Protein chains: 2
Amino acid sequence: MSLDAGDTHRSKPRARRGGVRRDPTAATISRVADAAGVSRATVSRVMNGSTTVAPELAARVRAAAEALNYEPSLLARSLALGRTSTVSLIVPDLANPMFQDILRGLSTAAGAHGHRLMVAESNENAEAEQILAVEARRRSDGLVLASSRIPEPQLRALHERLAPLVLLNREIPGTAVPSLSVDYHAGIRAIVAHLLGYGHRRLVYLAGPPASTSNTDRLVTLRAEAAGSPGFDLTELDCGSTFETGHAAARAVLATGATAVVAFNDMVAFGALSGLHELGVSVPGQVSITGFDDIPFARYTTPPLTTASIPKNELGGQAWERLWALMSGASPGYDARFQPRLLVRDTTGPAPA
Amino acid sequence: MSLDAGDTHRSKPRARRGGVRRDPTAATISRVADAAGVSRATVSRVMNGSTTVAPELAARVRAAAEALNYEPSLLARSLALGRTSTVSLIVPDLANPMFQDILRGLSTAAGAHGHRLMVAESNENAEAEQILAVEARRRSDGLVLASSRIPEPQLRALHERLAPLVLLNREIPGTAVPSLSVDYHAGIRAIVAHLLGYGHRRLVYLAGPPASTSNTDRLVTLRAEAAGSPGFDLTELDCGSTFETGHAAARAVLATGATAVVAFNDMVAFGALSGLHELGVSVPGQVSITGFDDIPFARYTTPPLTTASIPKNELGGQAWERLWALMSGASPGYDARFQPRLLVRDTTGPAPA
DNA sequence: GTGAAAGCGCTAACAG
DNA sequence: CTGTTAGCGCTTTCAC
């Protein structure tokens, strides 16, 4: 086999223009074709397992490919095919176990279908998220936006450019963009009922990121509940979504005189738990605490955290299903709103007399 | 502007061959060129901010691009340029906070340099990891392998195909592949010294994944320490790397009669802590426990976990530095071995009399 | 069954 | 400064 031969398929190999200087020994489909003494089309057919190639030729091609250590360029293939077999995920915060689980679920599901996952973190920044979303989408065949912080108008303006798109914990009313979410309203109602049942009347809510719609959901329901229950007193404290912010809020929590704290999520709950601990406050003796999400560590804290469990992994997996359907031109199915499950563990107890 | 005009740059727009049927209205560089009445080269120049374009022309191009909602195809661009501005990361287990932190560090650093991150999980499977590594590398400009489970011979055979490659917690002696790692030997020695200082003589090691070289490192040092210290008794228990496995090991730990358990990592330590708790064993009263990694939750357990802290985020960031250097043809700098810092918290105490 | 050629959408060397 | 052209590496239609 003449491995030294130039590309016999190019018409006039005169001056080198355009493109970029590549490694001239790199194995390309042309070199393999030359080496095997066939056309590039045939190599392509063999590499893609077409059966319409004479066994003898196919063998020769395979041998040449082997000898040259040839591997088709996925990039060129993507360009010709018009698809990348890659999907993207954008999350506000990679440090949040909630998003880590979504990432994992999506990665696993996509991987099972031969797709790769591209990830980007917006750092809770709506501007950055828009840029990232557009770019990520263009590098892949589909996009999943988890708990997007992009304001409704912008998101609405953007969604067509981002399609195929699947939204997690977010929706764009009036559009066909598939959305998978958690019913935070129901979760909060369950938590409140649980707390009221224990005799608590003064609650404090440790609020999450303002741009988070799931925070808004919680807030809305909390206020509605407060308005609807006589003697139910609600205080709102801006907090955040991390341990640190929860921890830092401990003193403020105490100052409200509340007997129960409803934390934005489990991490905040942990932080508060830890902070109160350090302040010598007994949980749930003096103060009860609830979280949200049921992240892996929630059951291992001391005491184990009462929280509302949500199907994090499932969210990622289902997101893939929806996205896949969209990418194959199928119907993505109905939107789903997962119902949180209240897990009563040991950070909640009767209100102190 | 004639938005309807076909591509005037193609010689004989006769029959449609090759490629794939695309949306004929899709904005491409050619359509923009036509609309603006310039050549594609000029459009390319404008889009890439070349200053050598007449302001008037540039304006026309920008207007046309705007009108057509044009965005250059990153795919085509990558093919022409020979680079993707994307790097890949492969980890054994996305559920492990250690790898989540590495992912985050890498993502942030790469993002700051305008690069995207592709992620894949090998599920602790060496075979799968090899496939993933090769494919991921071909889709991007560089690869980071975190705690690779690929056996040395295969990894050695593979590393050239994977370059630019950076290894985390792993190395290939005799090659120039940059490696960033943690000195598990030193970490374990510190832990053992701490435990011996407290009077412990019977230790049990909850071993991690067998394919993990960092597990081997720990084991080697542990055995050496045991061999070197009179009266030091070491038991090894196969465990794993998760909560669940640590939790499940509690009973076995008790059966060994050890007064201190050295867990593979923090998650295992948590599991064991929790399991022992349920068995009514007091920590550190009856049994001391140490972890490794100092994952975010380690300081929030009850009691807070004594562990060896490692710069997880830093690993991701430094990995980027090395990779970036490699990709730009620069020297990646010297390998580094980070020294763990022993964090004595409250799961360790004097051995019971 | 197989090859020639057109095409995916962009970049860059070259010539004016 | 701008257009022409060759090229990145692969796929697929069409014709033999």
Side-chain angles (χ1 to χ4, degrees), chain A residues 6-24 26-34 36-58 60-61 65 70-84 138, chain B residues 6-24 26-34 36-58 60-61 65 70-84 138:
Chain A
D7 183 343
T8 59
H9 292 285
R10 288 197 228 313
S11 32
K12 297 176 184 175
R14 221 180 295 170
R16 176 72 174 72
R17 303 198 176 186
V20 129
R21 178 125 214 87
R22 268 344 129 82
D23 174 3
T28 70
I29 196 173
S30 291
R31 304 186 75 84
V32 174
D34 287 354
V38 302
S39 73
R40 297 185 307 184
T42 298
V43 176
S44 175
R45 293 195 184 99
V46 173
M47 297 310 288
N48 292 302
S50 166
T51 49
T52 71
V53 177
E56 196 264 332
L57 268 200
R60 235 162 67 207
V61 168
Y70 170 67
E71 294 179 52
S73 156
L74 295 176
L75 215 53
R77 194 153 195 283
S78 293
L79 182 58
L81 250 28
R83 64 179 149 73
T84 61
R138 287 172 51 222
Chain B
D7 182 345
T8 60
H9 292 285
R10 287 196 227 316
S11 32
K12 295 177 186 172
R14 219 181 296 169
R16 175 72 175 71
R17 302 197 177 186
V20 129
R21 177 126 215 86
R22 265 349 125 81
D23 173 2
T28 71
I29 197 173
S30 291
R31 303 186 75 85
V32 174
D34 287 354
V38 301
S39 73
R40 296 184 307 180
T42 298
V43 176
S44 175
R45 292 192 185 101
V46 172
M47 297 311 287
N48 292 303
S50 166
T51 50
T52 72
V53 177
E56 197 263 335
L57 267 199
R60 236 163 64 206
V61 168
Y70 170 67
E71 293 178 52
S73 156
L74 294 175
L75 214 54
R77 194 155 195 281
S78 293
L79 181 59
L81 249 29
R83 65 179 148 73
T84 61
R138 287 172 51 222

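So that the names make sense, note that chain A is the first sequence line, chain B the second, and so on, each numbered from 1. Note that this is a predicted model, so its numbers are computed, not measured.
Put simply, CD on B:Glu56 is 9 Å from P on D:dT2, counting in whole angstrom units. As rounded to whole Å, 12 Å separates atom C1' of C:dA12 from atom CZ of B:Arg77. Separating the CZ atom of B:Arg45 from the P atom of C:dA13 is a distance of 11 Å, rounded to the nearest angstrom. Rounded to whole Å, the distance from CG on B:Leu74 to C1' on C:dG9 is 11 Å. A:Met47 places its CE atom 13 Å from the C1' atom of D:dG9, with the value rounded to the nearest Å. In this structure, A:Arg40 places its CZ atom 17 Å from P of C:dT2, rounding to the nearest Å. Distance A:Arg31 CZ to D:dC10 C1': 16 Å, rounded to the nearest Å. Here the P atom of nucleotide D:dT2 and the CD1 atom of B:Ile29 are 15 Å apart, to the nearest Å.
Taking 4.0 angstrom as the limit, B:Ser73 places none of its side-chain polar atoms (N or O) nearer than this to OP1 or OP2 of C:dC10. Listed pair B:Thr42 / D:dT2 fails the phosphate criterion, with no side-chain N or O lying under 4.0 Å from OP1 or OP2. The side chain of B:Thr28 places no N or O atom within less than 4.0 Å of a non-bridging phosphate oxygen (OP1 or OP2) of C:dG9.
Among the atoms of the strands shown, none is found under 4.0 Å from any heavy atom of A:Leu75. Among the heavy atoms of the strands lying under 4.0 Å from A:Ala41 is at least one base atom, whether or not backbone atoms are also near.
Scanning all heavy atoms of the two residues, the minimum distance from B:Val61 to B:Ala36 falls at CA-CB, 3.9 Å. Residues B:Thr28 and B:Tyr70 approach most closely at C-CE1, 3.5 Å, considering heavy atoms. Of all heavy-atom pairs between A:Leu79 and B:Leu75, the closest is N-CD2, 3.7 Å.
For A:Pro72, the listed nucleotide lying nearest its side chain is D:dC10; candidates were D:dT11, C:dA12, D:dC10. With distances taken from any side-chain atom of A:Leu79 to the nucleotides C:dG9, C:dT2, C:dA12, the minimum falls on C:dG9.
Using modelled atom types, one side-chain atom of A:Ser78 and one backbone atom of A:Arg83 make a donor-acceptor pair closer than 3.5 Å. Looking only at distances, no side-chain donor or acceptor of A:Ser44 sits under 3.5 Å from a matching main-chain atom of A:Arg40.
Between B:Pro55 and A:Ala27, the residue anchored nearer the 5' end of DNA chain D, judged by the nucleotide with its closest heavy atom, is B:Pro55.
A:Arg77 is linked by a side chain to side chain contact (heavy atoms under 4.5 Å, CB included) to A:Asn48, A:Leu81, counting only residues two or more places apart in sequence or in another chain.
Screening residues 41-58 of chain B for salt bridge (Lys or Arg N to Asp or Glu O under 4.0 Å) gives B:Glu56-B:Arg60 as the qualifying pairs, with residues at least two apart or on separate chains.
A rotation axis mapping the C1' atoms of four pairs onto the next four is fitted at both ends of the helix from C:dG1-D:dC16 to C:dG16-D:dC1 over five pairs, and the angle between these axes is 40° to 10 degrees.
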